[in-house]
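See below for the structure under consideration.
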Protein chains: 2
Amino acid sequence: MKTPTLPLFDRPEGMTTHDYAFARLRQAIMVGSFRPGTSVTIRGLAEALESSPTPVREALRQLTSIGALQVLENRRIVVPRITPARFEELISLRIALESHAARRAVAHLTERQIERISAIDDSIEDEIRRGDQAAALIANQAFHRTIYTANPDQIVMPLIESVWLQLGPILGIAMEHVSELYVVDRHREAIEALRRRDEDAVAAAIAADIREGIGGFDQQAIARLLKLAA
Amino acid sequence: MKTPTLPLFDRPEGMTTHDYAFARLRQAIMVGSFRPGTSVTIRGLAEALESSPTPVREALRQLTSIGALQVLENRRIVVPRITPARFEELISLRIALESHAARRAVAHLTERQIERISAIDDSIEDEIRRGDQAAALIANQAFHRTIYTANPDQIVMPLIESVWLQLGPILGIAMEHVSELYVVDRHREAIEALRRRDEDAVAAAIAADIREGIGGFDQQAIARLLKLAA
DNA sequence: TTTGCGAAAATGTGATCACAAAATGAGATT
DNA sequence: AATCTCATTTTGTGATCACATTTTCGCAAA
């Protein structure tokens, strides 16, 4: 199993080699470019990124500590495999974390910010209509992130992104086998609830959005997808 | 500000230098050995750990990616400072995460495991009587961890420990200025609820335990502690 | 005493190398 | 054809070094 190709990623000036490697790998995993079970090697990535083992190893270490990658007993590094039980854990954890994050953001959101969130939701539907699943996925993440980060003291976002990263690989598989992945109806519901400053309704809409989106796959569907990926 | 001394830590045979550095630093931060604002240097720690910069830098990178340390603009690495608002975020996040983790563990706990948890609770009170705050803290963490990890598919524990790590530094300050830190009454309540397999009661007991324990400090108390630490 | 300046020291970064362990693959044996 | 053996290659690990930047500190000027 060889090192997969990495999506393009502009390197901002002044960014360290390590940060660049980390950001690029993270992005690749987040959008499902890596399949579960794929093994990544330090030298392989160093070559792909035109750098040396040192910064790449640091990036891999960071990715493993946030659950995006997994170190085997052999010390080899692989993209974690997902079981139906693990998938269910990830979905329920997403709901717990994001309901909480949404609640604690409600009070901080300005009308202006809510408008921006509504615009992001429109762009999601645009991307879906255009058939660009990856772009729709990125926009969907932006929708959620923009809500949660409205809380200036928020510290939950890194944890949420950790869960997103762990869902990335199966998301990539799903994108290959399912034509429509998102049900965005709940987004408008969430936006309306934000306007009303109704914490309970916001949390409920977010939970439903997750449950009916990627979380909507039942155990059998997941098992089928996982079999396809094997 | 110089590198603080590290608590003792046995190095298991076969453990890599990097893992050792990571484990030791993590433990130190978790039990509050480092004060907020303390800066740590790669070479300083490499010397303290009798190794070289490479594995230490990797350990520091990992610790920053789980929120235990913070990289400044200067690229210097420091123990994050805590504000009252951030403290409140951490406590409410602990409650959200641990209530969720406890709920999802209830169905998996055997009578035998519940007995072991009860024994851990006894040991907490022993350590408190003995006046060993650090040992009581470790035992308290073991109490919580043992419950949550009863769920074999659980993936929430790393996130919970991330929050514990972020609370570590203020915990160290609190231990210096407060004689009694824990109210363990809620532990027995949680154990009883576990025996009854009552998810709601377990979650409520855990939430109350956190709220009345370290979470019991109100904003003014925290502000006072932070002033003392400055 | 305070402020400004410049040399020295400290620090983060990343490439390279040597070493040990693991994986791979070719050829011989059953 | 399947399995075992051993040499080769690949891989992770960690120490070291050079470079650029930042910080520190002593000393002179205001």
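Residue numbering restarts at 1 for every chain, and letters A, B, ... go by the order of the sequence lines.
- Summary of the strand contacts: A:Thr17 and A:Asn74 both lie near DNA chain C, and taking for each the nucleotide with the nearest heavy atom, the more 5' one is attributed to A:Thr17.
- For the pair A:Gln166 and A:Arg86, the minimum side-chain heavy-atom distance is below 4.5 Å.
- Inter-residue side-chain proximity for B:Leu167 and B:Ile91 is flagged as met; some heavy-atom pair is nearer than 4.5 Å.
- Ionic pairing of A:Glu98 and A:Arg145 is not present here: no N-O contact between side-chain nitrogen and carboxylate oxygen is shorter than 4.0 angstrom.
- A:Glu73 places its CD atom 12 Å from the P atom of C:dA22, with the value rounded to the nearest Å.
- Counting only heavy atoms from C-beta outward, the side chains of A:Arg35 and A:Pro169 never approach each other to under 4.5 Å.
- When side chains are defined from C-beta on, A:His144 does not count as touching A:Ile147, because their heavy atoms never get closer than 4.5 Å.
- Using a cutoff of 4.0 Å between basic side-chain nitrogens and carboxylate oxygens, A:Glu89 and A:Arg94 are not scored as salt-bridged.
- Evaluation of the side-chain hydrogen bond (donor to acceptor under 3.5 Å, both in side chains) test over residues 64-78 of chain A, restricted to residues two or more places apart or in two chains, returns A:Ser65-B:Ser65.
- As judged by a 4.0 angstrom heavy-atom cut-off over every strand, B:Arg57 is placed among the base-contacting residues.
- Across all strands shown, A:Thr54 has heavy atoms under 4.0 Å from base atoms, whether or not it also approaches the sugar-phosphate.
- In this structure, B:Arg75 reaches the sugar-phosphate backbone alone: every heavy-atom distance under 4.0 Å involves primed, P, OP1 or OP2 atoms, never a base.
- With rounding to whole Å, B:Arg43 atom CZ is found 11 Å from C:dT13 atom P.
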**Request:** Fill in the dot-bracket string of DNA chain D, one character per base: . for unpaired, | for a pair to another strand, ( ) or [ ] for pairs within the strand, taking Watson-Crick or G-U pairs under 3.5 Å.
**Result:** ||||||||||||||||||||||||||||||

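- In this structure, A:Thr16 reaches the sugar-phosphate backbone alone: every heavy-atom distance under 4.0 Å involves primed, P, OP1 or OP2 atoms, never a base.
- Classified by interplanar angle (parallel below 30°, tilted 30° to 60°, perpendicular above 60°), the ring pair B:His18/B:Phe22 is parallel.
- With DNA chain C read from its 5' end, the first of the two nearest nucleotides for A:Glu50 and A:Arg76 is the one closest to A:Glu50.
- The span of DNA chain D lying next to chain A, judged by atoms under 4.0 Å from heavy atoms, is bounded 5' to 3' by D:dT11 to D:dG14.
- When the C1' atom of C:dT13 is taken as reference, atom CD of B:Glu58 falls 13 Å away, rounded to whole Å.
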**Item:** side-chain contact (heavy atoms from CB on, under 4.5 Å) evaluation trace for A:Leu159 with B:Val163
**Value:** CA-CA 9 Å; A:Leu159 306 191; B:Val163 178; 4.1 Å; yes

